[in-house]
Amino acid sequence: NLYRIISFMSILIIVEHNNNKVNSNIFNLITCAKKLNYDLAEINFFIAGFNISNDILSQIKTGNIYIADNENYKNFLAEEIDDLIVNFIKSKNFTHVLLPASTFGKNLAPRLAAKLDVNQLSDVTEIISNDTFVRPIYAGNAFATCIIKDSVKLLTIRSTAFDHYQYDTKAISTSSQIIKLDAIKSKNISKFIKEDTSKTDRPDLSQAKIVVSGGRGLQSKENFKLIEQLAETLGAAVGATRAAVDAGYVSNDYQVGQTGKIVAPDLYIAIGISGAMQHLAGIKDSKIIVAINTDPEAPIMQIADYALEGDLFNVIPELCVEIEKLKN
Ligand code: FAD
């Protein structure tokens, strides 16, 4: 802590939210800030949005919360909020700026890095020290330890690599302080057209404890309903391979892997999935992997904790019946 005071370290977390509630990845970023030795009360949060709900403020509970509430920020366009954040970072001399390695963070961080003229380190999975971080490379087949000498360490954080921070309510001595920031003039260089989101009651894919994923082995959109049925039975989230997405079985927000979502559930069930390197890159941190495949030589069968050789069209209905029996 003394080192931090001498070296004037300070941290900013850019909050992902939907104007109503925070994305739970913020709690993984708080754990990350703690690993950088910041106290809870020292963490600064930046929120840009429109008609930002009070629930967001009460969910954060600690530190300084800087808010820019303006219609221009309603849809979080990186082109609208980048200058505001860059000016803010410069004015406060933040030394660490953390964003989630989600679509939101990956969209915004490169613009901030370019405008600040610093490196961006993506998908950080481990904090070694104040300037040394670990990130996966080659689709997770190797890990690079990187030292950042820039004055601002701009990091996107892989939330599955850090625990969800649980507030100890007794330990929070200071309540959060809310500071309003003035919006800046719109650049009008990008426009929000529309958002298509999949409406589901199932758990969020990136945070779910159980994920059931289907691949090309399902053969059609109609058959993919079998995956949804098993997920329903288990209270699980649904995932898919890029091949399944490209074939139109499900929309691309279901894609798991190097160019999709990174998941780390307690249980990952891969059905009709061969286990290509790019898919495995997204599931490596799962605690238990179960594979169901007709081909015993498929790569997924080699890395799975439980490999079941069988035809998914027989196995899934049988599994659903057996799980229902266990529930009753
Ligand atoms: P396949 O490889 O065709 O496997 C289908 C499997 O189903 C086979 O193993 C087969 O034995 C089995 N099967 C068939 N019938 C049955 C049955 N009746 N019962 C049981 N099993 C059956 N892929 C991703 O998933 N995520 C990514 O993020 C991703 N990013 C990529 C990025 C790049 C730059 C590139 C080049 C590729 C990327 N890919 C990604 C694609 C990846 O390389 C594979 O092509 C893809 O993962 C294969 O999907 P699949 O396993 O569904 O299909």
Side-chain angles (χ1 to χ4, degrees), residues 100-107 110 122-123 125 135-142 156 158-161 198 204-208 210-231 233-234 236-265 267-286 289-323:
S102 58
T103 308
F104 166 80
K106 288 176 182 172
N107 186 31
S122 305
D123 263 311
T125 52
R135 63 169 300 242
I137 53 171
Y138 300 119
N141 287 304
T156 66
R158 185 176 282 192
S159 50
T160 51
S198 334
D204 175 41
L205 183 52
S206 310
Q207 308 282 339
I210 308 178
V211 174
V212 183
S213 281
R216 191 158 20 208
L218 269 297
Q219 295 170 10
S220 71
K221 187 174 181 165
E222 195 51 38
N223 292 341
F224 203 89
K225 294 206 172 89
L226 282 169
I227 297 289
E228 286 163 10
Q229 194 189 334
L230 179 57
T233 312
L234 287 167
V238 171
T241 61
R242 178 154 136 185
V245 168
D246 288 349
Y249 305 168
V250 279
S251 61
N252 66 358
D253 49 343
Y254 286 83
Q255 186 177 317
V256 172
Q258 185 188 338
T259 44
K261 299 212 164 92
I262 307 291
V263 300
L267 174 61
Y268 186 83
I269 307 181
I271 306 180
I273 291 176
S274 60
M277 181 176 102
Q278 295 88 353
H279 187 75
L280 300 183
I283 67 168
K284 277 203 170 112
D285 292 331
S286 305
I289 297 177
V290 174
I292 301 171
N293 203 303
T294 41
D295 177 7
E297 304 297 325
I300 192 94
M301 302 290 263
Q302 318 305 315
I303 63 120
D305 298 284
Y306 298 93
L308 175 57
E309 186 186 337
D311 187 327
L312 67 90
F313 295 103
N314 301 326
V315 174
I316 299 181
E318 281 174 30
L319 257 181
C320 289
V321 170
E322 293 303 321
I323 294 165

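Note: hydrogens, waters and symmetry copies are ignored here, and every other heavy atom, side chains too, is used. None of the values given here were measured: they were computed from a predicted structure. Both ligands and their constituent atoms are indexed starting at 1 by order of listing.
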Distance filter under 4.0 Å to [X] heavy atoms, resulting ligand 1 atoms:
| X | value |
| --- | --- |
| Q258 | 27 (C), 28 (O) |
| A243 | 48 (C), 49 (O), 50 (P), 52 (O), 53 (O) |
| T294 | 11 (O), 13 (N), 16 (C), 17 (C), 19 (N), 20 (C), 21 (N), 22 (C) |
| F313 | 18 (N) |
| D295 | 11 (O) |
| G260 | 28 (O) |
| T241 | 25 (O), 49 (O), 50 (P), 51 (O), 52 (O) |

Considering only the protein, which heavy-atom contact is closest to [atom], and what is its distance?
| atom | answer |
| --- | --- |
| atom 9 (O) of ligand 1 | N293 ND2, 3.0 Å |
| atom 3 (O) of ligand 1 | R216 NE, 2.8 Å |
| atom 24 (C) of ligand 1 | R242 N, 3.3 Å |
| atom 30 (N) of ligand 1 | T259 OG1, 2.6 Å |
| atom 39 (N) of ligand 1 | Q278 CB, 3.6 Å |
| atom 18 (N) of ligand 1 | D311 OD1, 3.0 Å |

Measuring to protein heavy atoms, does anything land under 4.0 Å from atom 45 (O) of ligand 1? no
Below 3.5 Å, N or O to N or O, backbone or side chain included: is there any such pair between Q219 and ligand 1? no
Can you find an N/O atom of L312 closer than 3.5 Å to an N/O atom of ligand 1? yes
Quick one: which of [options] has a heavy atom closest to [atom]?
| atom | options | answer |
| --- | --- | --- |
| atom 14 (C) of ligand 1 | A281, G275, G282, G217 | G217 |
| atom 27 (C) of ligand 1 | M277, Q255, E309 | Q255 |
| atom 47 (O) of ligand 1 | A240, A270, A276 | A276 |
| atom 6 (C) of ligand 1 | G215, A244, G272 | G272 |

When you look for heavy atoms under 4.0 Å from ligand 1, do you find them on the side chain of V256, its backbone, both, or neither? backbone
I need the contact type for S274 against ligand 1. Using non-hydrogen atoms and a strict under-4.0 Å cut-off, is it side chain, backbone, both or neither? both
Using every non-hydrogen atom in the two residues, find where [X] and [Y] come nearest and quote the distance to one decimal.
| X | Y | value |
| --- | --- | --- |
| C320 | T233 | SG-OG1, 3.8 Å |
| Y249 | R216 | OH-O, 3.6 Å |
| I273 | I300 | O-CG2, 3.0 Å |

If you look only at distance, which donor and acceptor atoms sit under 3.5 Å apart when one is on a side chain in residues 238-245 and the other is two or more places apart or in another chain?
| from | atom 1 | to | atom 2 | distance (Å) |
| --- | --- | --- | --- | --- |
| T241 | OG1 | A243 | N | 3.4 |
| T241 | OG1 | A244 | N | 3.1 |

Heavy-atom count check: over 12 atoms from other residues, nucleotides or ligands less than 6.0 Å from F313 CZ? yes
Point-to-point distance, once rounded to the nearest 0.5 Å, from [atom1] of [X] to [atom2] of [Y]:
| X | Y | atom1 | atom2 | value |
| --- | --- | --- | --- | --- |
| I323 | L234 | CD1 | CG | 4.0 Å |
| T160 | K284 | OG1 | NZ | 12.5 Å |
| D305 | L267 | CG | CG | 9.5 Å |
| S274 | L280 | OG | CG | 8.5 Å |

Does ligand 1 have an atom that lies less than 4.0 angstrom from a heavy atom of G310? yes
Taking the side chain from K261 and the backbone from D253, do they hold a donor-acceptor pair closer than 3.5 Å? yes
Kindly say whether D311 contributes a backbone atom to a donor-acceptor pair with the side chain of T294 at under 3.5 angstrom? no
Is the shortest distance from a Lys or Arg side-chain nitrogen in D123 or R135 to a carboxylate oxygen in the other one below 4.0 Å? no
For E222, which residues count as a salt bridge (charged side-chain N to carboxylate O under 4.0 Å, His left out) partner, sequence neighbours excluded? K225
